[in-house]
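The next block holds one structure in the form of structure tokens; read it before the comments.
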Amino acid sequence: MLAIQATKAGGPEVLEAIDLPVPPPRPGQILVRHHAVGLNFIDTYQRSGLYPMKMPAVLGLEAAGVVEALGEGVTRFGVGDRVAYNGSLGAYTEAAAVPADRAVKVPDSVSLEVAAAVLLKGMTAEFLVRRCFHVKPGDVVLVHAAAGGVGSILVQWCKTLGATVIATVGSQAKAIIARDLGADQVILYREEDVAARVTEFTGGKGVAVVYDGVGMDTFEASLKSLSRRGVLATFGNASGPVPPFSPLELSGKSLFVTRPRLFDYIVTTEELDESAEALFEVLASGAVKIDIGQTFPLSEARAAHEALEGRRTTGATLLLP
């Protein structure tokens, strides 16, 4: 079967196509024949060496498909079930053997393409708005990269919860997308002073929470945009990691900064199922819609990485085996 591996840490050029045997499921595993594979920024962090890992390695943490075989002791699924998973490295393949307790059933109301496009991003949005910071009616929130994969879900989910959403984007085209998603105010971060605009929009109060998947380029503006006792959830590094800073910088308004990871919020199978259930519920209701902005053949994973890192994507991106 076709697989895409990173030969060493580096740019997209380190990705190469290889041929691997279809793995038999071991005890506790299921063999999933992939219908679609999700592309996420964490894939680029692992490929580049920002998140160190043993190389060479087949990349990818998220996919959806159909159960083709069961390992010994598996009762959670049956052959033919529609499933999705995240967190198991090696999804850039045509099929993968994954732990049954880290996969979830995909309801009939959700397509396998949407499941592959949304599971990691959508569950990230779920824990950010429901558990990392509990968004409630009347809150004002700031979402960076609002036209991107996680950002577009955050905008919609926060609006569903009754929040006022200020969004930042990098272009006029993405500003239109953010407004269509429901953003109340949109800031072009390359042309405008984000913190000044937030101050203007909020009458000087600032926002209750900033959801920042950009990292280095937006960190200072994110802190300046917060209200007293506000929370900065810096959950990604699209522009590079946040540089070291002194906790004294937080003391002026008693601010909170957290660097959360999805996998610390879905540690148990019960947490995984609850997060997926909440996500599939907002998808089924239509409160959150998923835009699959672009697809690439699995064999063109290098081009997909180049597009993602070049900020040339909107919404979710899929690799199709």
Side-chain angles (χ1 to χ4, degrees), residues 38 40 62 64 84 86 104-111 113-169 174-187 198 201-202 205-214 222 225-227 230-236 258 260 262 265-266 271-293 314-316:
N40 296 282
E62 173 179 49
N86 64 33
V104 297
K105 285 187 178 180
V106 178
D108 293 339
S109 59
V110 178
S111 72
E113 290 89 350
V114 167
V118 77
L119 196 65
L120 193 147
K121 301 176 187 71
M123 292 172 78
T124 296
E126 180 277 323
F127 89 77
L128 285 171
V129 303
R130 296 175 74 241
R131 293 183 284 156
C132 181
F133 179 92
H134 181 69
V135 176
K136 58 187 181 300
D139 282 339
V140 183
V141 307
L142 175 62
V143 177
H144 287 299
V150 176
S152 61
I153 300 171
L154 284 170
V155 170
Q156 297 176 81
W157 209 324
C158 287
K159 289 299 296 180
T160 296
L161 295 172
T164 296
V165 177
I166 302 173
T168 75
V169 295
K174 291 186 176 182
I176 294 172
I177 293 172
R179 290 190 183 96
D180 288 344
L181 291 169
D184 297 279
Q185 302 285 351
V186 179
I187 301 170
V198 168
F201 292 147
T202 61
K205 294 180 180 178
V207 299
V209 61
V210 177
Y211 292 121
D212 190 344
V214 178
S222 293
S225 297
L226 286 170
S227 63
V231 175
L232 168 55
T234 173
F235 64 92
T258 180
L262 168 62
Y265 284 81
I266 52 171
E271 288 177 332
L272 176 73
D273 285 343
E274 288 172 5
S275 183
E277 182 180 353
L279 172 61
F280 290 143
E281 182 177 319
V282 295
L283 292 173
S285 71
V288 172
K289 297 178 174 63
I290 301 304
D291 170 35
I292 299 175
T314 60

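FYI, the numbering just counts along the sequence from 1.
Side-chain contact between Glu274 and Glu126 is absent, with no heavy-atom pair separated by less than 4.5 Å. Looking only at side-chain heavy atoms (C-beta outward), Val186 and Thr168 stay at 4.5 Å or farther from each other. With contacts defined as side-chain heavy-atom distances shorter than 4.5 Å, the pair Lys121/Asn40 qualifies. In this structure, the side chains of Val141 and Val207 stay at 4.5 Å or more apart for every pair of heavy atoms. With a 4.5 Å cut-off on side-chain heavy atoms, Leu142 and His144 count as touching. In this structure the side chain of Thr258 never reaches within 4.5 angstrom of the side chain of Leu232, judged on heavy atoms. The shortest side-chain heavy-atom distance between Tyr211 and Val135 falls under the 4.5 Å cut-off.
Taking both residues in full, the closest heavy atoms of Ala178 and Ala167 are given as CB-CB, 4.2 Å, listed atom of the first, atom of the second, then distance. For the residue pair Lys174 and Ala147, the shortest heavy atom distance occurs at CB-CB, 3.8 Å. Nearest heavy-atom pair across Val110 and Phe280 is CG2-CD2, 4.0 Å. Nearest heavy atoms, Ala117 versus Ile290: CB-CG2, 4.4 Å. The shortest non-hydrogen separation linking Ala145 to Val214 is CB-CG2, 4.0 Å. For the residue pair Trp157 and Gly122, the shortest heavy atom distance occurs at CZ3-O, 3.7 Å.
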With side-chain contact (heavy atoms from CB on, under 4.5 Å) as the criterion, how do Leu226 and Val210 come out once you've worked through the C-alpha distance, each side chain's angles and the decisive distance to 0.1 Å?
CA-CA 7 Å; Leu226 286 170; Val210 177; 3.6 Å; yes
Could you go step by step and tell me if Tyr265 and Cys132 meet the side-chain contact (heavy atoms from CB on, under 4.5 Å) rule?
CA-CA 9 Å; Tyr265 284 81; Cys132 181; 3.8 Å; yes
CA sep, side-chain torsions, deciding dist, call: Leu128, Phe235, side-chain contact (heavy atoms from CB on, under 4.5 Å)
CA-CA 9 Å; Leu128 285 171; Phe235 64 92; 3.8 Å; yes
Please determine whether side-chain contact (heavy atoms from CB on, under 4.5 Å) holds for the pair Ile187 and Val198, giving the CA-CA distance in whole Å, both sets of side-chain angles, and the decisive distance to 0.1 Å.
CA-CA 9 Å; Ile187 301 170; Val198 168; 3.9 Å; yes
Give the intermediate values and the outcome of side-chain hydrogen bond (donor to acceptor under 3.5 Å, both in side chains) for residues Thr234 and Asp212.
CA-CA 5 Å; Thr234 173; Asp212 190 344; 5.1 Å; no
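The CG atom of Leu283 sits 9.5 Å away from the OG atom of Ser111 when rounded to the nearest 0.5 Å. Atom OG of Ser152 sits about 9.0 Å away from atom CD1 of Ile177, to the nearest 0.5 Å. Of the inter-residue distances, the one linking Asn86 atom CG with Thr124 atom OG1 reads 7.5 Å to the nearest 0.5 angstrom. Distance CG/Asp139 to SG/Cys158: 8.5 Å, rounded to 0.5 Å. Taken from CG in Asp291 to CG in Leu181, the straight-line distance is 8.0 Å, to the nearest 0.5 Å. Between atom CG of residue Leu279 and atom CD1 of residue Ile153 there is a gap of 7.0 Å, rounded to the nearest 0.5 Å.
Using a cutoff of 4.0 Å between basic side-chain nitrogens and carboxylate oxygens, Asp184 and Arg179 are not scored as salt-bridged.
Using modelled atom types, one side-chain atom of Glu62 and one backbone atom of Leu120 make a donor-acceptor pair closer than 3.5 Å. The backbone N or O of Leu272 sits nowhere less than 3.5 Å from a side-chain atom of Ser275 that would complete a donor-acceptor pair.
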